[in-house]
Visitor: 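Below is a structure I'd like to ask you about.
Residue indices begin at 1 and follow the sequence shown. These values consider heavy atoms only, across backbone and side chains, with no hydrogens, waters or symmetry-generated copies.
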Amino acid sequence: MASDPAPQPLTPLEDEAWRGLIRLMVAMPRAIDEDLLRRGGLSLTRYVVLMRLSEAPDQGLRMSDLAQAASISPSRMTRIVQSMTAEGLVARQVVAGDGRASLATLTDAGMQRLRDAWPQHLAGVRALVLDHINADDLVVLTRVTRQVLGAIGDARDGQADDLCPAGLA
């Protein structure tokens with residue numbers, strides 16, 4: 001049985017970059033969520049659900065596909081969609097021919113909620129993130145993000161997520 005190679009210590013620069021990335025992975029979603037709630041009255045998770053449904057064919061996805069697209073566990077997605085269904089933002093029905101699968105669909109009210117929140121989300125993303133990155137660094141950040149996402153198997157066919165949901169630009 002082959003043993004794993006000895007771990008290579010991080011250089012000071014690697015350590016600083018890694019620790020900064022860890023802090024960023026925790027702090028950025030929380031800051032964007034808080035900002036979007038304050039500006040637009042919608043959590044980032046709910047925004048992502050509405051956005052993913054707006055981009056889907058016929059504005060609907062199987063619950064399992066929606067959970068995967070939004071990077072949320074299936075059980076958490078079920079709770080979120082139940083809540084959003086009660087608010088009239090999403091409709092849910094059984095998939096024809098497969099009684100075990102459910103389809104979540106964006107309602108007109110959900111699309112309007114997304115339209116209302118999109119400018120607020122965009123303003124927050126600019127104020128919290130993009131306004132602090134110069135054009136050259138943005139090119140580097142985009143390249144690095146694609147490389148790391150590809151290495152962890154989340155390349156999404158090489159397509160970057162857009163801040164503008166389908167049909168809103």
Side-chain angles (χ1 to χ4, degrees), residues 1-38 42-57 59-84 90 92 95 98-104 106 114 117-118 121-166:
M1 177 177 188
S3 63
D4 289 334
Q8 295 293 317
L10 300 179
T11 67
L13 183 59
E14 289 172 333
D15 187 62
E16 181 180 357
W18 176 240
R19 288 173 187 253
L21 183 58
I22 290 171
R23 286 193 316 271
L24 189 60
M25 289 185 318
V26 171
M28 189 183 321
R30 183 176 24 214
I32 292 172
D33 185 64
E34 290 170 0
D35 184 74
L36 184 56
L37 275 168
R38 183 178 50 76
L42 188 66
S43 73
L44 181 58
T45 300
R46 287 170 168 243
Y47 179 88
V48 169
V49 168
L50 293 175
M51 180 184 71
R52 292 296 183 197
L53 288 173
S54 78
E55 298 168 339
Q59 296 184 328
L61 287 169
R62 287 177 178 257
M63 290 290 291
S64 57
D65 295 335
L66 180 57
Q68 184 177 12
S71 301
I72 297 172
S73 72
S75 60
R76 183 167 179 229
M77 182 57 72
T78 297
R79 290 190 302 275
I80 291 166
V81 168
Q82 284 174 342
S83 172
M84 294 176 81
V90 175
R92 188 173 170 191
V95 173
D98 186 353
R100 297 177 305 152
S102 293
L103 182 73
L106 187 64
L114 182 61
W118 176 65
H121 178 58
L122 184 58
V125 167
R126 286 196 177 284
L128 293 170
V129 182
L130 297 175
D131 288 348
H132 307 282
I133 303 172
N134 70 44
D136 291 337
D137 289 341
L138 191 57
V139 170
V140 173
L141 178 61
T142 301
R143 185 179 71 241
V144 168
T145 301
R146 285 181 182 153
Q147 289 169 340
V148 173
L149 287 172
I152 63 174
D154 191 22
R156 298 195 196 252
D157 299 326
Q159 300 298 316
D161 290 349
D162 195 343
L163 289 176
C164 177

Visitor: Would you list the pairs meeting salt bridge (charged side-chain N to carboxylate O under 4.0 Å, His left out) in which at least one residue belongs to residues 122-138, sequence neighbours left out?
Guide: none
Visitor: Count the heavy atoms belonging to other residues, nucleotides or ligands that lie under 6.0 Å from CD of Glu16, then report whether that count exceeds 12.
Guide: no
Visitor: Of all the heavy-atom pairs spanning Ala127 and His132, show the shortest one and how long it is.
Guide: O-NE2, 2.7 Å
Visitor: If the condition is salt bridge (Lys or Arg N to Asp or Glu O under 4.0 Å), which residues does Asp15 pass it with, not counting sequence neighbours?
Guide: Arg19
Visitor: Do Gln82 and Arg92 make a side-chain contact, defined as non-hydrogen atoms from C-beta onward lying under 4.5 Å apart?
Guide: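 Result yes, sub-4.5 Å side-chain heavy-atom pair found.
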Visitor: Kindly give the heavy-atom pair with the smallest separation between Gly124 and Asp35, and that separation in Å.
Guide: CA-OD2, 3.0 Å
Visitor: Within the side chain of Asp33, is there an N or O that forms a donor-acceptor pair under 3.5 Å with the backbone of Ser43?
Guide: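 Not confirmed, Asp33 side chain does not pair with Ser43 backbone.
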Visitor: Residues in salt bridge (Lys or Arg N to Asp or Glu O under 4.0 Å) with Arg62, at least two apart?
Guide: Asp98
Visitor: Which atom names give the shortest non-hydrogen contact between Pro7 and Pro9, and what distance separates them?
Guide: O-CD, 3.6 Å
Visitor: Give me each pair satisfying salt bridge (charged side-chain N to carboxylate O under 4.0 Å, His left out) with a member in residues 23-32, each pair once, sequence neighbours excluded.
Guide: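 Not a single pair qualifies under salt bridge (charged side-chain N to carboxylate O under 4.0 Å, His left out).
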Visitor: Considering all heavy atoms of both residues, which atom of Ala69 and which atom of Arg52 are nearest to each other, and what is their separation?
Guide: O-NE, 3.0 Å
Visitor: Under the side chain to side chain contact (heavy atoms under 4.5 Å, CB included) rule, collect the residues that match up with Arg76, sequence neighbours excluded.
Guide: Thr45, Ile72, Ser73, Arg79, Ile80
Visitor: Considering all heavy atoms of both residues, which atom of Ala104 and which atom of Leu53 are nearest to each other, and what is their separation?
Guide: O-CD2, 3.4 Å
Visitor: How many angstroms lie between CD in Glu34 and CG in Leu128, if you round to the nearest 0.5 Å?
Guide: 9.5 Å
Visitor: Considering residues at least two apart in sequence or located in another chain, which fulfil the side chain to side chain contact (heavy atoms under 4.5 Å, CB included) criterion with Arg143?
Guide: Val140, Gln147
Visitor: If I take atom OH from residue Tyr47 and atom CD1 from residue Ile32, how far apart are they, to the nearest 0.5 angstrom?
Guide: 11.0 Å
Visitor: Working to the nearest 0.5 angstrom, can you tell me the gap between Leu114 CG and Leu106 CG?
Guide: 7.0 Å
Visitor: Indicate the atoms forming the closest heavy-atom contact of Val81 with Leu66, along with that distance.
Guide: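 Looking at all heavy atoms of both residues, the closest pair is CG2-CD2, 4.0 Å.
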Visitor: What verdict does the side-chain contact (heavy atoms from CB on, under 4.5 Å) test give for Met77 and Ser64, after you've listed the backbone C-alpha separation in whole Å, the side-chain angles of each residue and the deciding distance to 0.1 Å?
Guide: CA-CA 8 Å; Met77 182 57 72; Ser64 57; over 6 Å; no
Visitor: Which distance, rounded to the nearest 0.5 Å, do you find between the CD of Gln68 and the CE of Met63?
Guide: 13.5 Å
